[in-house]
Every structure is written in structure tokens, then in C-alpha cells.
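Because the structure is a prediction, the values reported are computed rather than measured. Counting starts at 1 for both ligands and their atoms, following the listed order.
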Amino acid sequence: MIRVGDVLVSKGEGGVYGERELDGYRVWDPYRSKLAALYLLGTGIELPPDMKVLYLGAANGTTVSHVADYVEVVYAVEFAPRPMQDLLEVARRRKNVMPILADASCPEQYAPLVETVDLLYQDVAQPDQAAIALKNCVFLKDGGYLILMLKTRSVDIRKEPAKVFRDTLDILMSAGLTVNESTWLAPYHQDHAAILCTK
Ligand code: SAM
């Protein structure tokens, strides 16, 4: 990953969400992107130029745009029409972003559009977040990575975040995934955790 001093950055055309520039790079804001927060608080994984990514919960393309600065292709799934309009603009300016208007809980909807990927990134904030991630593992190559951004309060507002976190780890491990890293994302994102697994 590219850093200028201790600031995480990416190299690409700026002006996507009002991000700052530093020495010609785009500053990757950890308050706007859970993935940036993971890189600053934990370890994460490298994003090499030949990497293929399936990204669930693309929203308006803030994090997608930074990931696309690093990798070969990002298949970006989003089901809400409003953020999709912004995502289309990101895709117009980055030819390696493939926007897909679809429900991530129904991967069969976009199976014909997606190839086998090296990284499955999941940030959909639904009660069945882990189940959605597992369904989409069909697109993940053996040895590939899953990064699940867990919003504990979306899973169950009545449960302690730590309990939701432990239960989610159990679900992922029971499905045969290996958990490499799990990191709470405070102070950037409260009650959110990043879980990094390999298939
Ligand atoms: N990943 C984004 C970023 O870092 O820039 C932020 C994602 S936001 C927390 C979650 C997004 O997931 C929302 O835009 C929401 O519409 C989308 N979403 C929620 N459930 C979804 C589903 N089942 N399928 C596709 N998108 C979904």
C-alpha cells in the first residue's frame, strides 16, 4: 500500500468525494472508508495491480475508487438507485470499475457478469451480513481473501457488539474460512469491525 509519511493514499484521478491531494496522490480518508481504517488500525492485505475484486455495497464509490486505483478490476454491486448514480460517474472516469445494480443477497442475478476474484469485499450492513458474504464466496478463488466489514448494530441492535462479533467469527469459521485478522474500527467507525479471512 502507498503511504506518504503515515498518510494512506492511492494514485488516480482525484475529485471523487472532495478528497485531499498530497504529493500528487489521493488521500484515503479513514473516516470515510472502513478499508482505509483497517489499513491504519490493523494490517489488511496488499492490493496488487493484477487483483480482481468483487465489492458488495459499493454505495457512491468512495472506497471503490481507491481500490480501483490499485487493482485490475472492481465489480461493484449496489442495490440502491441513488448512490448508483454517483457510482456510474466513478465508473465513467475509471474504466476498471464495473457497476452492477443488484441485490448482493442474490448473487445469481450478477453471476453472468462476474469472473472469479481474488478478493471479496463486503460492506452491505444487513442483519445477515455473514450469510451474504458466504453466498458470494462462490466467486472467490481458493486461497482468495474475504474482507467483511461488520456493522454490529445492523446485525442485532439488542446484542452486545462483542457478542455479534464473536457469533460472526463462528459463522465464518464454521463455513470453512480461515480468519487471519479481526479489528475493531474505532475511533473511525464505532461498533464496526473488519474481519479478514482466506478461503
Ligand atoms: N462501501 C461503501 C464505501 O466505503 O464507500 C459504503 C457502503 S454503505 C455502508 C452500505 C451500502 O450497501 C449502501 O449503499 C446500501 O445501499 C448497500 N446495500 C445494502 N444492502 C445491500 C444489498 N443487499 N445489495 C446491494 N447493496 C446493498
Side-chain angles (χ1 to χ4, degrees), residues 1 8-10 12 14-20 26-42 44-45 47 53-71 74-91 93-94 96-111 113-114 117 119-139 145-157 161 164 168 183-186 188-196:
M1 304 304 293
L8 182 70
V9 297
S10 68
V16 175
Y17 60 102
E19 69 277 22
R20 286 189 302 122
R26 302 172 63 219
V27 173
W28 193 347
D29 183 350
Y31 288 97
R32 300 288 298 271
S33 168
K34 287 162 220 135
L35 186 54
L38 169 62
Y39 284 118
L40 296 180
L41 296 169
I45 52 164
L47 302 176
V53 180
L54 174 57
Y55 190 121
L56 309 176
N60 41 19
T62 301
T63 301
V64 166
S65 68
H66 286 289
V67 174
D69 286 347
Y70 281 93
V71 305
V74 183
Y75 296 94
V77 177
E78 171 56 54
F79 76 171
R82 176 62 196 88
M84 176 52 79
Q85 287 176 19
D86 294 339
L87 182 62
L88 288 173
E89 179 57 23
V90 172
R93 292 161 59 179
R94 281 178 170 70
N96 61 343
V97 173
M98 308 295 155
I100 299 172
L101 182 65
D103 184 343
S105 61
C106 303
E108 62 280 6
Q109 287 181 358
Y110 45 89
L113 306 175
V114 175
V117 297
L119 169 63
L120 171 61
Y121 182 85
Q122 207 267 34
D123 186 17
V124 297
Q126 290 285 351
D128 55 346
Q129 260 194 274
I132 292 174
L134 292 176
K135 276 187 194 173
N136 281 273
C137 279
V138 292
F139 300 112
Y145 296 101
L146 163 68
I147 298 178
L148 175 66
M149 292 302 179
L150 178 67
K151 185 175 182 183
T152 59
R153 300 218 169 268
S154 291
V155 174
D156 192 336
I157 187 89
V164 174
T168 305
T183 309
W184 288 101
L185 299 179
Y188 301 114
H189 303 271
Q190 295 300 332
D191 296 327
H192 283 78
I195 302 174
L196 167 61

Closest heavy-atom contact between N136 and P107?
->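 Result for this residue pair: OD1-CB, 3.6 Å.
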With rounding to the nearest 0.5 Å, note down the distance linking CZ in R32 to NE2 in H189.
->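 R32 atom CZ to H189 atom NE2 measures 10.0 Å (nearest 0.5 Å).
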State the NE2-CD distance between H192 and Q190, to the nearest 0.5 angstrom.
->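 CD of Q190 is found 10.0 Å from NE2 of H192.
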Summary of side chain to side chain donor-acceptor pair (under 3.5 Å) pairs that have at least one residue in residues 146-157, sequence neighbours excluded =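 The answer is R153-D191, D156-R158.
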So, Q126 side chain and D128 main chain: donor-acceptor pair closer than 3.5 Å or not?
->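 Absent.
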Under-4.0 Å salt bridge between D29 and R20 =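 Result for this pair is no, no salt bridge flagged.
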Write none if no such pair exists; otherwise list each N/O atom of ligand 1 with its protein N/O partner under 3.5 Å and the distance.
from, atom 1, to, atom 2, distance (Å)
ligand 1, 1 (N), Y55, OH, 2.6
ligand 1, 1 (N), G57, O, 2.9
ligand 1, 1 (N), D123, OD2, 2.8
ligand 1, 4 (O), Y55, OH, 3.4
ligand 1, 4 (O), T63, OG1, 2.5
ligand 1, 5 (O), T63, N, 3.3
ligand 1, 5 (O), T63, OG1, 3.4
ligand 1, 14 (O), E78, OE1, 2.8
ligand 1, 14 (O), E78, OE2, 3.3
ligand 1, 16 (O), E78, OE2, 2.6
ligand 1, 20 (N), Q126, NE2, 2.7
ligand 1, 23 (N), D103, OD1, 2.8
ligand 1, 24 (N), A104, N, 2.8
ligand 1, 26 (N), F79, N, 3.3

